[in-house]
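Notes to accompany the following structure.
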Amino acid sequence: MCGIIGFTGILDAKTVLTEGLKELEYRGYDSAGISFFTDNGIRTVKATGKVSNLCDKVKEESKETAACGIGHTRWATHGGVSDVNCHPHKAGKVTLIHNGIIENYKELQEELAKDGQFPVSQTDSEIAAMVINSCYNGNPVQAIKDAVKKLDGAYAFCIMFEDHPDVIYAIRNGSPLVAASCEEGSVIASDMVALIKYSKDYFVLPERHIARLTKNEIVVTDMEHRVIMPKMLHVNWDVAAARKGGYDYFMLKEIHEQPDSLRNTIAPRVVDGLPDFTADQIPDSMFDGIHKIVITACGTAMHAGLIGKNMIEKLTRVPVSVEIASEFRYASPIIDEHTLVITISQSGETADTLAALRLARENGSKTLSIVNVKGSSIARESDYVLYTHAGPEIAVASTKAYTVQLSALYLFAFRFALVTGKLTEEAARDYIGKLEHAISIVEEVLSYDKQIETICQRLKTAEDLFFIGRGLDYGLSCEGSIKLKEISYIHSEAYAAGELKHGTISLITDNIPVIALATQENVLPKMISNIREVRSRGAMVILVTNAEVTVDASLCDHLIKLPAIADEFAPFAAAVVLQYIAYYTAISRGLNVDQPRNLAKSVTVE
Ligand code: M6R
């Protein structure tokens, strides 16, 4: 969603802002703009399309130097993609950028109209600027305080006041903002990827607190004007982690980073060969009295839950349901203090997942989150956090975040079963061994790239495609399908293989590609029958199996055999195959894999 950057200090602000916006491109956007202080007041430059368009315009239109400014990439919600709707927005002395949605903007607009004030854009953000301006009497902090009382919804604002040169004010509610002081000045952004160049130490601006950034310091005050010291955080990755490092796309780089991400996530939780959450400050008492587990998340993170459910139920015999967060939050779920609600999120900022977490807390459930971004909203609001250590994930299509989420869920299952006596130490050690072994298998599957790239040539012109599987392979099919859809734009569906004949098989005709996952021995004969059913209707079958499985050549057009791996751990290996299928199919269609149309990396609106 929208990206935000603000800088004040001794560097050239226009360069800091445009470079920062390039770092934030991965979030998804359709236009970009910057505003900066000049000797003649605040100057704004905007452009639709890529940040490079904005950079060209900045070069053409503005020769001034600037030490302070704000910049924004917009992902349209209210109002189409146009220069006028692009941020920053100006109202009187106020110039502002916004990430989020002001839900009551219509009512506010009507109020402003009574005073003869009308917006020039169709955005809710301009209305916010107008409200702040109408509250402004020379005191920025007071104006912001008064204005936010009138605003409903989610927001992260960076605001400049014309008569307060080289100062940036910021406030947030729901939408993310992180800030850092460095030798060159003060910088604020929607995420660390834009800050890392300046500092590895940063803080998350607490909600409904106001930050005042000057070149020498950042002062944070609460709504009662008390100065507070925000909790400092540190990232353990550097600028290189947020660069392509020689790969054509971030997605490919991130696929290749999976062995390291898995090692970094698993190793700190293994002590003497056993699962251990001491370093995560998760006490064994967390597992007391849990009668039921609900896993709730969106997209790929939810698909990780589908796989995790299997291992948790198998080892603990505690029922697990996996819920789409955007559905869960509006249902009236049957959860209570005996329910553990697990939220999974790479970004830790997904609006629906955050709302689901809040609902769980309201119902008195214990909450555990599996999150990649330190200090994110979901992490901060959960009772317990298991951080995954994938490093920054830049490509919109989630890859390494998925496999580390699987590993965190497996570790959770092992620890839960161990502390509740369902697993002996010996058995727990054996499971840990298999999980560690899965890392080397992932490494091996990374070398399948050429084989898969060749197979994907056959998918290049497909219009419809199916992923089928049973048990764990059905959960994996869901992930394979979303990955392919989002970056290749080929319509695809994931189906439980046994369910096909109840309707969907009517869509299988000559040469329709079917990607059949058959890694689970307990359902293998049934799965083979289902593959024969689609094959006899003309499907072009790409079959993914485990090493031990022998299939006759007539069953498929292409066979991808995973290295030998225990069935329950096959999802780690098969995930890489599915990621490659999506990646090379999109590449064969000449698409920009990292920035698929209409999508945003972190979905901070409903
Ligand atoms: O940041 P989150 O993990 O909460 O994001 C959830 C989904 O938006 C995300 O997994 C999405 O489905 C991916 N783009 C899929 O590759």
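What's counted below: heavy atoms across the whole structure, side chains too, no hydrogens, waters or symmetry copies. When a ligand or atom number is given, it counts from 1 through the structure's own listing order.
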By number and element, which atoms of ligand 1 are closer than 4.0 Å to a non-hydrogen atom of Lys483?
-> 15 (C), 16 (O)
Is the closest side-chain heavy-atom distance between Ile295 and Ile344 below 4.5 Å?
-> yes
Below 4.0 angstrom from a heavy atom of Gln346, which ligand 1 atoms are there? Numbered from 1 as shown, please.
-> 1 (O), 2 (P), 3 (O), 4 (O)
N or O contact, Thr300 vs ligand 1, cut-off under 3.5 Å | yes
What closest approach, in Å, do Thr350 and Cys298 show between heavy atoms, and which atom pair accounts for it?
-> CG2-SG, 3.8 Å
Examine the side chains of Gln258 and Thr403 and answer whether a donor and an acceptor come within less than 3.5 Å of each other.
-> yes
What protein heavy atom is closest to atom 8 (O) of ligand 1, reported as residue, atom name and distance in Å?
-> Val603 CG2, 4.2 Å
Considering only the protein, which heavy-atom contact is closest to atom 5 (O) of ligand 1, and what is its distance?
-> Thr350 OG1, 3.5 Å
Phe287-Phe412 aromatic ring centre distance below 6.0 Å = yes
Heavy-atom distances under 4.0 Å are what count here, so tell me which part of Glu486 touches ligand 1: side chain, backbone, both or neither.
-> side chain
Of the backbone atoms (N, CA, C, O) and the side-chain heavy atoms from C-beta on, which set of Ile482 has a member under 4.0 Å from an atom of ligand 1: side chain, backbone, both, or neither?
-> side chain
Looking at atom 7 (C) of ligand 1, what's its closest protein heavy atom, distance included?
-> Cys298 O, 3.6 Å
Knowing that exactly one of Gln405, Lys483, Gln346 qualifies, which makes a side chain to side chain donor-acceptor pair (under 3.5 Å) with Thr300?
-> Lys483
Go through ligand 1 atom by atom and flag the ones less than 4.0 Å from a non-hydrogen atom of Gly299.
-> 12 (O)
For Val396, take its heavy atoms, then give the atoms of ligand 1 lying under 4.0 Å from any of them.
-> 13 (C), 14 (N), 16 (O)
Looking at His256 versus Tyr247, is the centre-to-centre ring distance below 6.0 Å?
-> yes
For ligand 1, is any non-hydrogen atom under 4.0 Å from Lys601's backbone (N, CA, C, O), its side chain (CB onward), both, or neither?
-> neither
Numbered in order shown, the ligand 1 atoms found under 4.0 Å of a heavy atom of Ala301 are 3 (O), 10 (O)
Nearest protein heavy atom with distance in Å, relative to atom 1 (O) of ligand 1 = Ser347 OG, 2.7 Å
Can you tell if the side chain of Leu315 reaches within under 4.5 Å of the side chain of Phe414, non-hydrogen atoms only?
-> yes
Heavy-atom contacts with Ala397 under 4.0 Å: which atoms of ligand 1 show up? List them by number with element.
-> 16 (O)
Spell out, as yes or no, whether a donor-acceptor pair under 3.5 Å connects the side chain of His303 to the backbone of Gly475.
-> no
Within 45° of the six-membered ring axis of Tyr489 and under 6.0 Å from that ring's centre, is NZ or CZ of Arg597 located there?
-> yes
